[in-house]
Every structure is written in structure tokens, then in C-alpha cells.
Amino acid sequence: MTRITISGNKPLSGEVKISGAKNSAVALVPMAILSKGKTVIYNVPEISDIEYLIKIMELLNCKVEHKNDALYIDSTNVMNKPIPEELSVQMRASYYFMGILLARFGRVEISFPGGCNIGARPIDIHIKGFEELGAHVEIIKNRYIITANKLIGKKIYFDFPSVGATINVMFAAIGAEGTTVIENAAMEPEIVNVASFLINMGAKIRGAGTKRIEIEGKCPLGESVIEVFPDRIESGTYIIIGAALGENLKIKGIIKEHIEALLIKLKEIGVHYEIDGDTLTISRCNKLKPTKIKTLAFPGFPTDLQQPITALLTQANGKSMIEETIYENRFKNTIELNKMGADTKILSDHKLEINGPVKLKGTDVVATDLRGGASLLIAALIADGISHIDNSEYILRGYGDLINKLKNVGAKIEITE
Ligand code: EPU
């Protein structure tokens with residue numbers, strides 16, 4: 001168990017540099033298997049999901065070298081093997097091996113993916129997409145066996161713009177004969193990052209970042225390089241920290257267009273910030289107004305920032321409401337926040353009320369999931385006194401070099417195993 005200890009209520013100033021996006025990197029790394037040779041991925045974040053992905057890549061006979069923030073992957077001798085449960089359950093993104101191995105070998109055997117327990121999280125849209133392209137899917141004792149003699153491009157309509165399904169079906173479509181069209185595709189920046197890598201490798205893809213994506217099948221692809229986009233959720237988390245405790249805190253490496261929904265919301269509640277190029281400078285706001293937030297698919301307010309901003313809204317003057325439309329179980333963190341003195345009420349699986357302002361007090365809490373853990377971290381930074389956050393390994397899954405980044409701007413934070 002990993003424990004983070006924070007002595008709170010310290011002003012934060014200096015600069016935080018944003019790392020590469022977890023949710024892009026976890027798709028870009030396995031994607032190297034679609035190349036018949038060497039690929040390089042720059043700006044890879046230092047997070048545990050990447051370490052597990054590298055283990056799976058090595059199991060599949062890819063050579064992976066990690067130098068600074070770059071991964072050099074050689075897939076020349078890639079082999080298809082079943083991916084065991086002890087690796088697949090370590091993260092949600094192990095599901096990307098489904099689309100990738102299906103495209104490259106016409107067969108995949110993999111145990112159920114893992115990831116944070118924030119709702120039911122079925123993968124039926126992925127599976128339906130594979131089946132529409134001609135794959136046969138069998139589930140035997142928690143293992144998926146997906147096979148296809150031949151995949152054929154087709155028009156596919158998604159009932160919901162799932163990020164994972166959009167990327168996974170794009171991967172499978174690379175191995176299909178002809179053109180695949182995904183209608184009602186997810187528009188998250190991660191999709192654009194993945195499509196750019198595929199295009200760099202020689203694929204023909206149009207429309208990534210819009211609701212309609214067209215993919216022409218061609219597999220394997222060639223050698224290429226890509227840079228992981230800056231993490232918009234990590235950016236948002238540090239911006240929220242800055243709104244609570246910043247004294248001209250600089251967040252470097254942001255892409256404004258990726259975090260617009262958060263920036264508009266922060267303006268609305270009275271937070272001031274300035275943006276110069278890729279750097280946002282922010283100071284604490286002493287008179288926050290309450291607000292209503294509804295999480296939505298991109299470009300709406302991201303569900304992954306719902307829990308972090310809840311910690312900030314405990315400091316707003318009045319009642320704030322959150323409507324979580326993406327997941328059914330993403331308020332578990334609030335039970336822990338209330339132990340610190342927050343006044344939140346779960347009204348239903350999808351609705352949360354937050355009353356403020358409250359004086360948060362340092363206490364012992366337990367991280368329930370990655371972004372829930374981030375909300376406790378923010379609350380602990382705001383609180384008077386010392387907090388211990390147990391199960392902090394969840395937080396480290398999504399925030400590379402977290403402790404150093406916060407220490408460097410003045411936080412009193414330690415980590416122990
Ligand atoms: N859904 C289905 N069926 C599917 C796929 C999704 O019902 O086949 C539902 C899910 O149960 C969920 C909603 O659709 O209620 C959204 O799921 P989506 O597929 O968009 O999410 P995901 O691909 O599983 C990625 C990120 C999540 C992030 C969501 C939404 C990765 C590895 N994970 O998950 O990131 O919350 O998109 O933006 O890319 C996080 O970083 O903390 C995190 C949970």
C-alpha cells in the first residue's frame with residue numbers, strides 16, 4: 001500500500017510541467033504492434049499503466065527501450081500469444097490489444113480488462129464493432145477469444161461515443177478489407193493523437209476528432225514516430241490546485257482547446273488565470289461562487305475532472321451541484337472528503353450536492369480510485385493540518401512524477417510504501 005502524507009494549506013508557486021496524456025499513451029504504446037518495424041513514442045508519462053503495457057509488449061516479443069521520456073519499440077518479430085489475467089487486469093487499456101491483435105493476426109485471447117471501479121464499464125460497443133467487421137467473439141471464463149478469417153470494412157453506428165470503442169474499432173478497421181466508417185465516434189483529443197500515429201505509419205484515416213471517422217484498411221503499417229499530447233486531465237488537476245492554493249502558479253505544456261470546458265467553468269466561479277502560449281498562470285481565488293456541472297463526452301466537461309473539482313467546490317460560497325452522466329459510481333470519494341469536513345450529499349448515482357465553504361481539516365482517508373484519489377489530494381493540500389491518503393497507488397496511475405512536481409512548487413508532501 002502506498003501512503004501520501006500532506007501538511008496542507010501551503011501556498012504554491014513556481015512551475016509545474018505537464019506530462020504526456022495517460023489515455024493517449026496507453027493506446028499509442030500497444031499500437032506499435034501494427035507496425036512491421038520500429039516506432040518511437042515521445043513524451044511518454046512515467047506511470048504504472050505504461051510499465052504493465054511494456055510487460056505485455058515484451059510478452060508478445062516486441063523489443064522496448066525506455067530512454068528519458070521516449071519509448072523505442074521494435075515490433076519486427078512480434079508474436080501473437082494469449083494475454084494472461086495478471087497483466088490484463090492491471091489497467092483498463094489492456095482492451096486495446098483486442099483491436100490491435102485482431103487486425104494484425106486475426107485472433108486474440110485476453111482476460112477481462114481492469115481499471116478503476118467507477119461504474120459497470122461494459123465493453124459491448126467494442127465487441128459489437130468487432131463483430132460488425134466480421135469477427136467472432138467468445139467469452140469463456142472471463143477470457144475473450146476473438147477470431148476473424150477476414151475482416152471487412154463497414155459502416156458502424158455507436159450507441160454512445162465511447163473513447164475506448166472508437167480507438168479499438170479504428171485499430172480493428174486497420175486490419176479490414178475496404179473502408180470502415182464509424183458514426184457517432186468519440187471526439188476526445190486522444191482519438192486525434194491515435195489517428196495521427198496511424199496516419200504517420202501510413203494508414204488512411206479521415207475525420208478523427210469529429211463524429212464520423214473513415215478508416216481504410218491496410219495492415220501491417222510502416223515505421224513512424226509520434227509525440228504524446230499533454231495530459232488534459234493532469235493539466236486540469238493542477239489548474240484546480242492553482243485555483244485553490246496558487247500564487248502565480250504556472251502550469252506549462254497545456255493545450256487550451258483541450259481544457260476549454262474547465263476554463264469556462266473556472267471563470268464562471270470567479271477564478272482568474274492568464275494564458276500565454278502553452279503556459280497558464282493562476283492564483284488562488286478567495287471568493288468562489290457555487291456552480292452546476294454536468295459531465296459530458298468531449299468537448300463537454302470531462303468526467304475525469306468531476307472528482308478533482310468537487311474538492312475545490314467545497315470552498316465555494318453556497319450550494320454546487322454535479323451531474324455525472326458518464327459513470328454510475330463516481331462519487332465514492334465524497335465519503336472520504338466528508339471525513340475531512342466537506343459537506344457533500346450523494347442525491348443519486350448521478351447527482352451530487354456540495355455545500356460550502358467549509359474549513360477542511362487534515363485527516364486519514366483512503367483513495368477509492370484514480371481521480372477520486374486526486375480529489376482527496378487536492379482537499380489535503382487545501383486542509384489545515386496533516387492528512388494521510390492510503391491506497392495512493394491509484395493516484396500514481398495517472399499522475400507522473402506527482403510528488404516532485406508538487407514539492408517543487410512548495411507543497412509539503414511525502415510518499416511511503
Ligand atoms: N460504455 C459502454 N459500453 C462500451 C464502452 C463504454 O456502455 O462498450 C460506457 C461506459 O460504461 C461508461 C461510458 O460508456 O459509462 C464511457 O466509456 P468510454 O468507453 O468512453 O470510456 P473508456 O474508454 O472506458 C476512457 C478513459 C477514462 C475516461 C473515459 C471517458 C482510458 C483508458 N480511459 O475510458 O479515463 O473516463 O474514457 O472520457 O482511456 C481516467 O483516466 O480516470 C479514466 C477513467
Side-chain angles (χ1 to χ4, degrees), residues 19-31 45 47-50 52-53 88-99 112-132 137 139 144 156-172 182 184-194 228-229 231-237 258-259 261-262 295-308 324-330 332-333 349-350 367-375 377 394-400:
S19 303
K22 164 176 102 63
N23 290 343
S24 280
V26 294
L28 296 171
V29 172
M31 240 182 91
I47 51 172
S48 53
D49 280 15
I50 298 293
Y52 285 112
L53 282 173
S88 72
V89 297
Q90 300 296 340
M91 80 212 100
R92 190 87 196 136
S94 52
Y95 55 33
Y96 289 135
F97 286 97
M98 292 180 169
F112 269 74
C116 288
N117 178 8
I118 49 180
R121 308 189 84 182
I123 56 167
D124 55 308
I125 304 171
H126 306 230
I127 299 300
K128 197 169 152 219
F130 299 149
E131 285 174 338
E132 295 218 33
V137 182
I139 306 173
Y144 287 89
I156 296 172
Y157 178 83
F158 282 173
D159 292 333
F160 179 84
S162 153
V163 174
T166 301
I167 294 177
N168 231 343
V169 173
M170 270 166 65
F171 289 153
I182 305 175
N184 198 27
M187 302 195 289
E188 270 70 1
E190 293 74 34
I191 316 282
V192 178
N193 215 176
V194 165
V228 183
F229 281 171
D231 195 313
R232 62 196 169 96
I233 306 302
E234 189 198 20
S235 306
T237 304
H258 291 182
I259 49 173
L262 171 72
T295 66
L296 290 166
F298 189 83
F301 192 94
T303 170
D304 296 341
L305 287 175
Q306 174 267 106
Q307 292 164 301
E324 167 61 67
T325 73
I326 310 292
Y327 296 109
E328 334 51 40
N329 193 9
R330 219 175 191 183
K332 280 189 290 185
N333 57 311
D349 284 353
H350 295 281
T368 50
D369 55 85
L370 162 56
R371 309 299 171 188
S375 84
L377 178 100
Y394 278 124
I395 310 178
L396 302 181
R397 283 192 44 211
Y399 296 93

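The basis for the numbers below is simple: all heavy atoms, side chains too, and nothing from hydrogens, waters or symmetry mates. Just so it is clear, the structure is predicted and the values come from calculations on it, not from any experiment. Each ligand, and each atom within it, is numbered from 1 in the order the structure gives.
Residues that satisfy the ring-ring contact (aromatic ring centres under 6.0 Å, His included) test with F301, not counting sequence neighbours, are absent from this structure. Under the rule for a ring-ring contact (aromatic ring centres under 6.0 Å, His included), the partners of Y144 that lie at least two apart in sequence or sit in another chain are F112. Applying the ring-ring contact (aromatic ring centres under 6.0 Å, His included) test to F160 and every residue at least two apart in sequence or in another chain returns nothing.
Counting only heavy atoms from C-beta outward, the side chains of L53 and P30 approach each other to under 4.5 Å. A 4.5 Å side-chain heavy-atom check between Q306 and Y327 finds every atom pair outside the cut-off.
A distance limit of 4.0 angstrom between heavy atoms and ligand 1 selects the residues K22, N23, R92, Y95, I118, R121, P122, I123, D124, I125, H126, F160, S162, V163, G164, T303, D304, I326, Y327, R330, L370, R371.
No salt bridge links R397 with D369; every basic N to acidic carboxylate O contact stays at or beyond 4.0 Å.
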